[in-house]
Amino acid sequence: MMRNSMEMIRMRAPVVGGSFAMWGCSFACFECTISHLRHQEDHWNSILSGGATGALLAIRAGPKAAAQHGMVGMFLLAAIEGLNIVLTKAFAP
């Protein structure tokens, strides 16, 4: 059983790694582009980048799926950024 599990992990690792790399690359590109266009460095850049990345990665499933995944991406990044703000304020001297 352990051997089968390790073999499945070994087979899926490149797929999962490639998906994560694609997400990270598109997120970074969107964040830099949005930051350049807005001339600001704030939390909105990450939130908008999460939405754009979610939409881009779901575009092959159609516009409705792209819009839904874009909203999910924005929501997740807003939650992460909100948590970041709370933790920064909580641990600030």
Side-chain angles (χ1 to χ4, degrees):
M1 179 149 153
M2 187 68 155
R3 184 176 294 173
N4 288 342
S5 298
M6 292 304 290
E7 185 62 28
M8 293 300 289
I9 290 170
R10 194 176 359 259
M11 290 175 62
R12 288 288 298 164
V15 175
V16 173
S19 296
F20 185 74
M22 187 63 197
W23 187 91
C25 181
S26 62
F27 179 82
C29 289
F30 279 124
E31 188 169 28
C32 289
T33 302
I34 291 170
S35 175
H36 176 74
L37 293 174
R38 294 183 66 232
H39 302 288
Q40 291 181 353
E41 290 285 338
D42 59 7
H43 300 290
W44 285 107
N45 295 342
S46 295
I47 295 169
L48 295 173
S49 299
T53 299
L56 176 70
L57 295 178
I59 196 72
R60 292 188 306 171
K64 183 178 178 184
Q68 289 173 341
H69 282 82
M71 294 302 289
V72 169
M74 288 178 69
F75 175 77
L76 289 175
L77 266 294
I80 291 168
E81 291 296 326
L83 183 63
N84 187 19
I85 291 169
V86 168
L87 291 175
T88 302
K89 289 186 183 213
F91 292 108

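- For the atom pair OG1 of T88 and CG of L83, the computed distance is 9.0 Å after rounding to the nearest 0.5 Å.
- Hydrophobic clustering of Ile, Leu, Val, Met, Phe, Trp and Tyr side chains at less than 4.5 Å, counting indirect connections, unites I34 with I47.
- Residue F27 is grouped with residue M22 when hydrophobic side chains (ILVMFWY) are merged at heavy-atom distances under 4.5 angstrom, including chains of intermediate members.
- Atom CH2 of residue W44 and atom OG of residue S35 lie 15.5 Å apart, to the nearest 0.5 angstrom.
- Taking CE from M74 and OG from S49, the interatomic distance works out to 10.0 Å, rounded to the nearest 0.5 Å.
- Of all non-hydrogen atoms in T53 and S26, the two that sit nearest each other are CG2-OG, 3.2 Å.
- Taking NE2 of H69 as the reference point, atom CG of L76 lies at 10.5 Å (rounded to 0.5 Å).
- The side-chain hydrogen bond (donor to acceptor under 3.5 Å, both in side chains) test with N45 singles out one residue from H36, E31, R38, and that residue is R38.
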Fill in: Criterion side chain to side chain contact (heavy atoms under 4.5 Å, CB included) on N4 and E7, from CA distance to verdict
CA-CA 5 Å; N4 288 342; E7 185 62 28; 5.6 Å; no
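- Both L77 and L57 sit in one connected hydrophobic cluster of ILVMFWY residues. Membership requires side-chain heavy atoms under 4.5 Å apart, directly or through other members.
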